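Computation of the quantities below employed the complete heavy-atom set of this structure, encompassing side-chain atoms and omitting hydrogens, waters and symmetry-equivalent molecules. Please read all numbers here as calculations on a predicted model, not as lab measurements. We count ligands from 1, going down the list as the structure has it; atoms in each ligand are counted the same way.
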Amino acid sequence: MKKTYDALVVGAGYAGAVCARQLAEGGRKVLVLERRDHVGGNAYDRLDGTGVLIHQYGPHIFHTNSYDVFLYLTRFTRWRDYQHRVLADLPRDDSKGDTGHQTAGGRFLFPVPFNLTSLESAYGPEEGKRLGEKLIAAYGEEKKVTILELRQSEDPEIRQVADYVYEHVFVHYTMKQWGQTPEEIDPATTARVPVFLSRDDRYFQDEFQGMPLKGYTPMFQAMLDHPNITVELGTEALDRLDVSGEVLKVDGEPFAGPVVFTGQADELFGRKFGPLPYRALDFAFETLEQDWFQPVGTVNYTVDRPYTRITEFKHMTGQDLPGVTTIVKEYSKAYTGAPGETPYYAVINPENNALYAKYRAEVEKFPNLYLLGRLAEYKYYNMDKIVEKALALSAELLK
Ligand code: FAD
Ligand code: UDP
């Protein structure tokens, strides 16, 4: 690499963009290599043909309890207040005693996370209220209880509610999303959507929640707009970065400055210990000539349908576009590494973590190589967590 750069960052998503910005403000000249033809990583958004602001890689809602992270991003964007709400949509099954409001086509809707309102939809107002009081007596008001924890209850009635929620919210959705049951996947995954003993029907309870006013992409563009940052889009970093020898090389020359890699750890090392498993997604976008498709931002199809969820973007963006709306359906599948396929979710389990640890150990051989981000760290991070980690790493690199 030309000697003009002090640091190399691979990837222009949250991990890469925040690191690049911080290093640049610290006086370092930073080269950012991004294989896609745009910045923003999986948070990238753009206007579709009808003017709806869509999220190309699935719906992204910003939420955090970290004032520092929120304040940091506020340097690069203003915000639109948006509280995400999700409904479960499932076939009504009278044999299971569903008493909720029947909607067109015999289907049944209730809030997710499953809460006191969902309980009343499922069991009817009186029985639902009684069961809600019982759950509150056992766990506490406004408490969140994971489905796996609830299923451990020794009270038969609470266990029966747990079984209901397991069957109607978790097991089929989780099978679609992961190809495995809730017991087989990392417990932290279903713990993201606990049963909530509350009337609060928002998907997240974080203190700061919203959407970048003009979208995520302009926020990333502002972050990367610094005289010390050069971004090369459409550039495969693995063609430039060489970690096959004793010394890290960039463009064939030894490079001693910090290299922050935010791509897949297995790819960086030629998958020499075998591929790390991921889940991939297919996104099916549809533009419809109608004002609205569904009542809330996302509807989860928790029991049937081949897709996991449908998101309608106008709820999130607040755009006033009468007569047109765009939705996206998400289909989950195993990542095969085929060209054009994107790994979205690490499949976290002890075996895969052990494989990841082998790649991590390779990184230790290079004192100036850092793995950062959802792919590189093989973790289920939300956006705010990545910002927090990128701020911490760049502060360390600037010491
Ligand atoms: P990424 O965004 O994946 O960025 C990595 C970048 O590196 C990519 O642009 C990639 O092209 C590039 N790259 C990789 N390898 C190379 C290479 N060899 N050469 C050049 N470039 C390379 N989080 C939330 O907080 N709220 C949400 O609502 C939310 N919704 C989500 C929905 C979906 C469907 C998914 C999959 C994730 C969601 N997330 C959400 C998580 C969020 O996407 C991540 O936290 C965030 O994008 C991670 O940023 P990152 O920089 O680590 O990775
Ligand atoms: N989940 C579920 N039913 C739902 C919502 C979530 O079974 O209606 C489970 C599922 O295993 C999912 C996990 O909880 O993968 C985490 O859900 P979240 O909405 O946080 O997933 P993400 O938005 O990250 O895809």
Side-chain angles (χ1 to χ4, degrees), residues 9-19 32-44 55-64 69 84 86-90 110-114 146-147 165-166 168-178 180-182 185-186 188-194 203-204 206 209 211 216 220 232-241 260-265 267-268 278-281 283 297-303 308-309 311 316 328 330 332 342-346 371-377 379-387 389-390:
V9 171
V10 175
Y14 273 96
V18 171
C19 259
V32 180
L33 302 180
E34 169 55 60
R35 59 157 67 129
R36 290 173 173 167
D37 61 2
H38 58 74
V39 299
N42 286 341
Y44 170 72
H55 298 181
Q56 184 148 315
Y57 306 98
H60 280 70
I61 299 98
F62 183 77
H63 57 101
T64 189
V69 166
H84 194 49
V86 175
L87 291 171
D89 181 318
L90 56 163
F110 55 67
V112 176
F114 195 89
T146 71
I147 184 60
V165 178
Y166 183 83
H168 290 75
V169 179
F170 285 96
V171 69
H172 304 288
Y173 187 104
T174 300
M175 283 303 297
K176 282 193 267 182
Q177 176 73 1
W178 299 97
Q180 290 182 302
T181 65
I185 65 170
D186 181 17
T189 301
T190 49
R192 290 166 60 88
V193 190
Y203 205 60
F204 311 108
D206 290 354
Q209 200 175 148
M211 305 296 289
Y216 288 96
F220 280 95
E232 291 185 21
L233 296 177
T235 304
E236 174 50 67
L238 298 176
D239 296 341
R240 312 267 298 265
L241 173 64
V260 178
F261 185 83
T262 76
Q264 290 163 257
E267 234 183 19
L268 176 60
Y278 290 92
R279 295 295 288 179
L281 296 171
F283 296 107
T298 297
V299 173
N300 287 358
Y301 288 81
T302 54
V303 172
T308 51
R309 56 187 177 189
T311 294
M316 296 175 185
V328 66
E330 291 177 52
S332 176
T342 305
Y344 286 104
Y345 297 89
L371 295 185
L372 181 75
R374 214 184 211 223
L375 292 170
E377 296 182 65
K379 291 251 165 69
Y380 201 149
Y381 284 144
N382 286 332
M383 299 185 272
D384 63 328
K385 189 69 189 168
I386 302 283
V387 173
K389 294 216 61 173

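The closest non-hydrogen atom to atom 31 (C) of ligand 1, taken over His60, His38, Glu232, comes from His60. The nearest non-hydrogen atom to atom 12 (C) of ligand 2, considering only Tyr301, Tyr173, Phe114, comes from Tyr173. Compare Arg309, Arg279, Glu330 by their heavy atoms: the one nearest to atom 23 (O) of ligand 2 is in Arg309. In this structure, of Gln264, Glu236, Met383, the residue bringing a heavy atom nearest to atom 25 (O) of ligand 1 is Met383.
Looking from atom 12 (C) of ligand 1 to the surrounding protein, the closest heavy atom is Glu34 OE1, 3.3 Å. Val169 O, 2.9 Å is the protein heavy atom nearest to atom 3 (N) of ligand 2. Protein heavy atom at the shortest distance from atom 36 (C) of ligand 1 is Tyr344 CD2, 3.5 Å. In terms of protein heavy-atom proximity, atom 22 (C) of ligand 1 is closest to Arg35 CG, 3.6 Å. Shortest contact from atom 16 (C) of ligand 2 to any protein heavy atom: Thr189 O, 3.4 Å. Among protein heavy atoms, atom 37 (C) of ligand 1 sits closest to Arg374 NH1, 3.5 Å. At the shortest separation from atom 1 (P) of ligand 1 among protein heavy atoms lies Asn42 N, 4.0 Å. Looking from atom 11 (O) of ligand 2 to the surrounding protein, the closest heavy atom is Thr174 OG1, 2.9 Å. When hydrogens are left out, the protein atom nearest atom 18 (P) of ligand 2 is Tyr203 OH, 3.7 Å; that is the closest non-hydrogen contact. For atom 5 (C) of ligand 2, the nearest non-hydrogen atom of the protein is Asn300 ND2, 3.5 Å.
Scanning all heavy atoms of the two residues, the minimum distance from Pro182 to Thr190 falls at CB-CG2, 4.1 Å. Across all their heavy atoms, Asp206 and His63 have their closest contact at OD2-ND1, 2.7 Å. Considering every non-hydrogen atom in both Pro59 and Met316, the closest pair reads CB-CE, 3.7 Å. Scanning both residues, Val32 and Ala12, for their nearest heavy atoms gives CG1-CB, 4.0 Å. Here the closest non-hydrogen pair linking His84 and Thr298 is CE1-OG1, 3.2 Å.
For ligand 1, one of its N or O atoms has an N or O atom of Ala15 under 3.5 Å away. Checked by distance only, ligand 1 and Leu375 stay at 3.5 Å or farther apart across all their nitrogen or oxygen atoms. At least one N or O atom of Tyr14, backbone or side chain, sits closer than 3.5 Å to an N or O atom of ligand 1. For ligand 2, the polar-atom distance check finds no N/O of Thr190 at less than 3.5 Å from any of the ligand's N/O atoms. Polar contact check, Val112 against ligand 2: no nitrogen or oxygen pair lies under 3.5 Å apart. Considering backbone and side-chain N/O of Val193, none are found under 3.5 Å from N/O of ligand 2. Residue-to-ligand polar distances keep Thr302 apart from ligand 2: every N/O pair is separated by 3.5 Å or more. Where the criterion is an N or O separation shorter than 3.5 Å, residue side chain and backbone included, Val10 fails it with respect to ligand 1. By the 3.5 Å distance cut-off applied to N or O atoms, Arg309 is not counted among the residues near ligand 1. Considering backbone and side-chain atoms together, Ile61 places an N or O closer than 3.5 Å to an N or O of ligand 1. Not one N or O of Glu267 is nearer than 3.5 Å to an N or O of ligand 1, by distance alone. The distance criterion of under 3.5 Å between nitrogen or oxygen atoms is not met by Tyr345 with respect to ligand 1.
For the pair Tyr57 and ligand 1, a heavy-atom separation below 4.0 Å is found. The closest approach between a heavy atom of Leu372 and any atom of ligand 1 is not below 4.0 Å. The closest approach between His172 and ligand 2 stays at or above 4.0 Å for every heavy atom of the residue. Residue contact check for ligand 1: Phe62 places no non-hydrogen atom closer than 4.0 Å to it.
For the residue pair Asn382 and Arg374, no side-chain donor N or O sits within less than 3.5 Å of a side-chain acceptor on the partner.
When each atom of ligand 1 is checked for a heavy atom of Tyr381 under 4.0 Å away, the hits are 41 (C), 44 (C), 45 (O). Here is the list of ligand 1 atoms found below 4.0 Å of a heavy atom in Gly263: 14 (C), 15 (N). Close contacts between ligand 2 and Tyr380 involve ligand atoms 16 (C), 21 (O), 22 (P), 24 (O), 25 (O) [criterion: under 4.0 Å to a heavy atom]. Atoms of ligand 1 found under 4.0 Å from any heavy atom of Leu33 (numbered from 1 in listed order, with element): 20 (C), 21 (N). Taking every non-hydrogen atom of Arg36 and a distance limit under 4.0 Å, the qualifying atoms of ligand 1 come out as 9 (O), 11 (O). Atoms of ligand 1 found under 4.0 Å from any heavy atom of Gly373 (numbered from 1 in listed order, with element): 52 (O). Distances below 4.0 Å separate heavy atoms of Ile386 from the following atoms of ligand 1: 45 (O), 48 (C), 52 (O). Ligand-side atoms of ligand 1 in range of Gly11: 6 (C), 7 (O), 12 (C), range being under 4.0 angstrom from any heavy atom. Heavy-atom contacts of Thr235 reach the following atoms of ligand 1: 19 (N), 20 (C) (cutoff under 4.0 Å).
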Going through the checks in order, is the side-chain contact (heavy atoms from CB on, under 4.5 Å) test met by Tyr44 and Phe220? CA-CA 9 Å; Tyr44 170 72; Phe220 280 95; over 6 Å; no

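Residues Phe283 and Tyr344 bring their aromatic ring centres within 6.0 Å. Ring to ring, Tyr380 and Tyr345 are close: their centroids are under 6.0 angstrom apart. Here Phe110 and His168 keep their ring centres 6.0 angstrom or further from each other.
If you look at Ala17 next to ligand 1, there are no close heavy atoms at all, none under 4.0 Å. Contacts with ligand 1 closer than 4.0 Å are made by side-chain heavy atoms of Leu281 only, the backbone lying farther away. When heavy-atom distances to ligand 2 are checked against a 4.0 Å cut-off, Gln180 has no atom that comes that close, whether in backbone or side chain.
With values rounded to the nearest 0.5 angstrom, Arg309 atom CZ is found 6.5 Å from Asn300 atom CG. From Met383, atom CE reaches atom CD1 of Ile61 across 7.0 Å, with rounding to the nearest 0.5 Å. Within the model, atoms OG of Ser332 and NZ of Lys176 stand 10.5 Å from one another, a figure rounded to the nearest 0.5 Å.
Salt-bridge annotation for Glu377 and Lys385: absent, with no side-chain N of the basic residue lying under 4.0 Å from a carboxylate O of the acidic one. Taking a cutoff of 4.0 Å between a charged side-chain nitrogen and a carboxylate oxygen, Arg240 and Glu232 qualify as a salt bridge.
For atom 53 (O) of ligand 1, no protein heavy-atom neighbour is present inside the 4.0 Å cut-off.
Under the 4.5 Å side-chain criterion, counting only non-hydrogen atoms from C-beta, Tyr278 is not in contact with Thr342.
By the 6.0 Å and 45° rule, Arg192 does not stack over the aromatic ring of Phe204.
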